[in-house]
Amino acid sequence: MNSKKRMTKGLSVGFLLLLLMGTKSTAQDAAGFQSNQFYKVISFGEKIDFGTIDESVTWTIANSAKNIHATIRGNEINNYSFQEPGEYEINFRENKKHDEECHHPAFAERFKVKVEAVRLTFDFSKISFSEQIVRGRNYSDLIITVPAKITTKDNSNTKLPAPTMSVAGLGVSFTVEPVEKEIVIGNKTQLLKYKLSGIVNQETYLMFDFNDFNNQVQTYNLHQVIK
């Protein structure tokens with residue numbers, strides 16, 4: 001293959017990845033927060049990136065059940081760590097005249113954030129596959145194993161349904177189910193296993209979307225083309 005053909009092939013594969021990421025992003029945006037009463041659901045100890053905020057903006061953060069009340073300005077909101085579980089009311093107030101230009105995203109004057117007492121983090125550096133995924137092969141019991149750290153605010157052991165996972169890609173038809181339907185929450189790292197059934201019908205990249213207990217997605221991109 002000459003250099004021109006190799007370059008064309010590389011560009012086409014790169015375009016597949018960009019197209020796939022764009023399609024996935026659009027689908028997630030379509031789901032949005034409109035169907036949920038909370039702007040975002042996160043785990044204790046996490047922060048929220050609201051983007052670049054003018055210093056003219058004042059935020060108030062309140063959790064009445066935990067006697068929490070804070071007033072901060074501008075970008076300070078991005079460094080605020082929600083340490084305690086519960087529901088937080090966020091008030092957004094802009095101290096600008098109506099004819100002054102704004103350079104930040106638009107927010108409702110009042111919205112809610114929910115903070116859960118459970119945190120789940122996947123260690124994708126140690127993800128493993130029982131078989132190599134190749135194009136055109138029909139799989140029935142391919143197992144994906146990924147270590148996960150699960151912690152709770154009070155370190156109590158609680159059983160919860162296993163988090164779900166899905167696979168995205170062009171020409172991909174996979175069904176996924178957790179091997180263990182229920183897991184016990186503790187301080188130790190756990191190995192979460194998922195069984196995949198289906199086929200990849202065309203050349204593509206694969207993205208594996210792992211949902212945490214807050215239904216937020218943590219994505220693993222397979223850095224090879226399925227061909």
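Position 1 is the first residue of the sequence; numbering continues from there.
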Report the distance from atom [atom1] of [X] to atom [atom2] of [Y], rounding to the nearest 0.5 Å.
X: Q37; Y: K114; atom1: CD; atom2: NZ; result: 7.5 Å
X: I77; Y: I90; atom1: CD1; atom2: CD1; result: 5.5 Å
X: I199; Y: I226; atom1: CD1; atom2: CD1; result: 12.5 Å

Between S56 and N95: side-chain donor-acceptor atoms closer than 3.5 Å: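 Judged by distance alone, the side chains do not pair up.
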Problem set entry | Side-chain donor-acceptor contact under 3.5 Å, S81 with Q83 |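 Per modelled atom types, S81 and Q83 side chains form a pair under 3.5 Å.
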Does the [X] side chain pair with the main chain of [Y], one donor and one acceptor, at a distance under 3.5 Å?
X: N214; Y: Q216; result: no
X: N78; Y: G51; result: yes
X: N75; Y: I53; result: yes

Exceeds 12 heavy-atom contacts within 6.0 angstrom, atom [atom1] of [X]:
X: E180; atom1: CD; result: no
X: E55; atom1: CD; result: yes
X: E109; atom1: CD; result: no

(Q) Restricting to salt bridge (Lys or Arg N to Asp or Glu O under 4.0 Å), what partner residues turn up for R73, sequence neighbours left out? (A)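 So R73 forms no salt bridge (Lys or Arg N to Asp or Glu O under 4.0 Å) with any residue.
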Considering only distance and modelled atom types, tabulate donor-acceptor pairs under 3.5 Å from the side chains of residues 61-72, sequence neighbours left out.
residue: N63; atom: OD1; partner: A65; partner atom: N; Å: 3.2
residue: N63; atom: OD1; partner: K66; partner atom: N; Å: 3.2
residue: K66; atom: NZ; partner: P85; partner atom: O; Å: 3.0

Any side-chain heavy-atom pair of S43 and T151 under 4.5 Å: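 Sidechains of T151 and S43: no contact.
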task: Using a 4.5 Å cut-off on heavy atoms from C-beta on, say whether the side chain of F50 contacts that of Y39.
output: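 Yes, side chains in contact.
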Anything under 3.5 Å between a donor and an acceptor, one on a side chain of residues 115-129, the other on a protein residue two or more places apart or in another chain? List them.
residue: R119; atom: NH1; partner: F44; partner atom: O; Å: 2.5
residue: D123; atom: OD1; partner: S125; partner atom: N; Å: 3.2
residue: D123; atom: OD1; partner: S125; partner atom: OG; Å: 2.5

Q.
Enumerate the side chain to side chain donor-acceptor pair (under 3.5 Å) contacts for residues 133-147, please, sequence neighbours excluded, ordered by first and then second residue.
A.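 Qualifying pairs: E131-R137.
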Discussion item. Does the plane of the ring in W59 sit parallel, tilted or perpendicular to the ring in F107? Use 30° and 60° as the thresholds.
Written reply: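 Taking F107 first and then W59, their aromatic rings stand perpendicular (interplane angle over 60°).
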What residues form a ring pair (Phe, Tyr, Trp, His ring centres under 6.0 Å) with Y194, not counting sequence neighbours?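 For Y194, the residues satisfying ring pair (Phe, Tyr, Trp, His ring centres under 6.0 Å) (neighbours in sequence not counted) are F210.
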Per-pair distances, 0.1 Å, donor-acceptor, side chain in residues 165-179, under 3.5 Å, sequence neighbours excluded:
residue: T175; atom: OG1; partner: S197; partner atom: O; Å: 3.3
residue: E177; atom: OE1; partner: K181; partner atom: NZ; Å: 3.1

